Peer 1: 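The structure is given below, and queries will be raised subsequently.
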Amino acid sequence: MNDMAAWARETARSILATPLPRRWAHTQGVAAQARSLAPIVGDDADLLEAAAWLHDIGYAPALVATGFHPLDGARYLRDVLGAQDVLCRLVAHHSCAIIEAAERGLAGELAEEFPPGPPALTEALIYCDMTTGPDGTHLTVEQRLAEIKTRYGPGHLVTRFIEAASPRLLEAVHKVAGQLQMTMA
């Protein structure tokens, strides 16, 4: 683990571990998935792992402002911690957040404040998040999408978002999995 990832781990731990232990378990699993992608992200491995550690900090009760965790987390990173712009952008847009932002009427704010991150890292972060269950265990992307829909139930805003985002999420996960498989061949 390099400097940025170590800082991100401690930041996320201090924000999530006590108030949201299940979210912290998920975060630890997402970070483990990020570390597994080092062969395909190369020099960006530290940045990807940092984004994985921080992607859900916006769920922490102390950080909630809009109620939309990607935006709340990214704003905290930018405004309070002075984090690197690209890290804030990855957190803001993780796992097709712009689609959920549209459901919440926040797409304009998200897009204006945080342009999307680098596509390859965005896809890698999708892979990490969408292959990790709420308790940190590894899941297939199909299992993860089904788990989210079950947890929120039919008609819920998050369920509508997941249904709309599923093609893009599946595409990203399968692309990254293919790249990872090629490095192991």
Side-chain angles (χ1 to χ4, degrees), residues 11-34 36-37 48 51-77 88-114 116-117 121-177:
T11 299
R13 184 195 51 72
S14 70
I15 292 170
L16 294 173
T18 299
L20 301 171
R22 192 165 190 222
R23 184 66 54 190
W24 174 237
H26 167 73
T27 298
Q28 291 174 82
V30 173
Q33 288 290 71
S36 79
L37 297 183
L48 176 63
W53 282 115
L54 297 167
H55 80 286
D56 275 353
I57 62 168
Y59 278 117
L63 275 60
V64 173
T66 68
F68 181 48
H69 79 277
L71 184 57
D72 292 342
R75 283 177 172 169
Y76 178 80
L77 289 170
C88 298
R89 292 167 36 216
L90 287 167
V91 168
H93 285 276
H94 78 272
S95 297
C96 300
I98 193 72
I99 297 171
E100 185 176 346
E103 285 280 337
R104 294 175 179 274
L106 295 169
E109 279 182 64
L110 181 65
E112 183 178 315
E113 290 185 46
F114 301 99
L121 289 177
T122 297
E123 290 172 341
L125 189 55
I126 289 171
Y127 172 91
C128 299
D129 191 22
M130 290 295 124
T131 59
T132 305
D135 58 358
T137 58
H138 179 75
L139 299 174
T140 67
V141 63
E142 293 81 9
Q143 290 169 323
R144 175 75 163 131
L145 294 173
E147 177 277 317
I148 293 168
K149 290 178 190 178
T150 300
R151 185 165 21 116
Y152 286 94
H156 191 279
L157 180 146
V158 174
T159 301
R160 290 193 311 268
F161 148 65
I162 284 297
E163 289 170 350
S166 284
R168 176 70 183 105
L169 296 169
L170 287 162
E171 177 187 2
V173 169
H174 292 304
K175 179 179 177 181
V176 172

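Small disclaimer: the values here were computed from a predicted structure and weren't measured. We number each residue from 1, following the sequence as shown.
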Peer 1: Mind checking whether Leu169 and Ile162 have side chains closer than 4.5 Å, heavy atoms only?
Peer 2: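 The answer is yes, as the side chains (C-beta and beyond) meet within the 4.5 Å cut-off.
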Peer 1: Let's go through Thr122 and Arg89 carefully: what are the C-alpha distance in whole Å and the side-chain angles of both, what is the deciding distance for side-chain contact (heavy atoms from CB on, under 4.5 Å) to 0.1 Å, and is it a yes or a no?
Peer 2: CA-CA 9 Å; Thr122 297; Arg89 292 167 36 216; over 6 Å; no
Peer 1: Verify side-chain contact (heavy atoms from CB on, under 4.5 Å) between Leu170 and Glu142, making sure each step is shown before the conclusion.
Peer 2: CA-CA 8 Å; Leu170 287 162; Glu142 293 81 9; 3.7 Å; yes
Peer 1: To the closest 0.5 Å, what do you measure between NE2 (His55) and CG (Leu90)?
Peer 2: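 CG of Leu90 is found 12.0 Å from NE2 of His55.
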Peer 1: Quick one: salt bridge (charged side-chain N to carboxylate O under 4.0 Å, His left out) partners of Arg168, sequence neighbours excluded?
Peer 2: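 Once residues adjacent in sequence are excluded, the partners of Arg168 under the salt bridge (charged side-chain N to carboxylate O under 4.0 Å, His left out) criterion are Glu123.
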Peer 1: What residues, two or more places apart in sequence or in another chain, satisfy salt bridge (charged side-chain N to carboxylate O under 4.0 Å, His left out) together with Glu113?
Peer 2: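 Checked Glu113 against salt bridge (charged side-chain N to carboxylate O under 4.0 Å, His left out); matches are Arg75, Arg78.
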Peer 1: Please give me the minimum heavy-atom distance between Asp135 and Ala25, naming the atom from each residue.
Peer 2: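 Answer, listing the atom of Asp135 first, then Ala25: O-CB, 3.6 Å.
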Peer 1: Looking at Lys175, I'd like to know if its NZ atom is crowded, meaning that more than 12 non-hydrogen atoms belonging to other residues, nucleotides or ligands lie closer than 6.0 Å.
Peer 2: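 Result for NZ/Lys175: open.
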Peer 1: Please identify each residue that fulfils side chain to side chain contact (heavy atoms under 4.5 Å, CB included) with Ala92, with sequence neighbours left out.
Peer 2: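 Here the qualifying residues are Ala74, Leu110, Phe114.
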Peer 1: Any side-chain donor-acceptor pair under 3.5 Å between Thr131 and Gln33?
Peer 2: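 The answer is yes; a qualifying pair exists.
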Peer 1: How many angstroms lie between atom CZ of Arg13 and atom CD1 of Ile57, to the nearest 0.5 angstrom?
Peer 2: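 Output value for this atom pair is 13.5 Å.
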Peer 1: Of the non-hydrogen atoms in Leu37 and Ala124, which two are nearest, and what is the gap between them?
Peer 2: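 Heavy-atom minimum between the residues: CD1-O, 3.7 Å.
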Peer 1: Please evaluate residues Val141 and Ile126 with respect to the criterion side-chain contact (heavy atoms from CB on, under 4.5 Å), reporting the C-alpha separation (whole Å), side-chain torsions for both, the decisive distance (0.1 Å), and the verdict.
Peer 2: CA-CA 10 Å; Val141 63; Ile126 289 171; over 6 Å; no
Peer 1: side-chain contact (heavy atoms from CB on, under 4.5 Å) with Trp53: which of Thr27, Val91, Val30?
Peer 2: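 When Thr27, Val91, Val30 are each tested with Trp53, the side-chain contact (heavy atoms from CB on, under 4.5 Å) holds only for Thr27.
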Peer 1: Could you pull out all residues at least two apart from Glu147 that satisfy salt bridge (charged side-chain N to carboxylate O under 4.0 Å, His left out)?
Peer 2: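 Result, salt bridge (charged side-chain N to carboxylate O under 4.0 Å, His left out) vs Glu147: Arg144, Arg151.
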Peer 1: Sequence neighbours left out, what pairs pass ring pair (Phe, Tyr, Trp, His ring centres under 6.0 Å) with at least one residue falling in residues 132-153?
Peer 2: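 Applying ring pair (Phe, Tyr, Trp, His ring centres under 6.0 Å) to every pair that reaches into residues 132-153, excluding sequence neighbours, yields Tyr152-His156.
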Peer 1: Is it the case that the side chain of Thr132 and the backbone of Asp129 share a donor-acceptor pair, with hydrogens and angles ignored and the cut-off at 3.5 Å?
Peer 2: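 No, the answer is negative, given that no donor and acceptor are paired below the 3.5 Å cut-off.
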Peer 1: Which of these, Leu139, Leu125, Ile148, Thr140, sits in a side-chain contact (heavy atoms from CB on, under 4.5 Å) with Met130?
Peer 2: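 Answer to the side-chain contact (heavy atoms from CB on, under 4.5 Å) test with Met130 among Leu139, Leu125, Ile148, Thr140: Ile148.
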Peer 1: Between CD1 of Ile15 and CG of Leu20, what distance do you get to the nearest 0.5 Å?
Peer 2: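 Answer for the CD1-CG pair, Ile15 versus Leu20, is 10.5 Å.
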Peer 1: Let me check something: any side-chain donor-acceptor pairs from residues 58-72 under 3.5 Å, sequence neighbours excluded? List them with distances.
Peer 2:
residue : atom : partner : partner atom : Å
Tyr59   : OH   : His69   : ND1          : 3.3
Thr66   : OG1  : Phe68   : N            : 3.0
Thr66   : OG1  : Asp72   : OD1          : 2.8
Thr66   : OG1  : Asp72   : OD2          : 3.4
His69   : NE2  : Asp56   : OD1          : 3.1
His69   : NE2  : His94   : NE2          : 3.2
Asp72   : OD1  : Thr66   : N            : 2.9
Asp72   : OD2  : Ala65   : N            : 3.1
Asp72   : OD2  : Thr66   : N            : 3.2
Asp72   : OD2  : Gly67   : N            : 3.0

Peer 1: Distance from Ile99 atom CD1 to His93 atom NE2, nearest 0.5 Å?
Peer 2: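 Going from the CD1 atom of Ile99 to the NE2 atom of His93 covers 11.5 Å.
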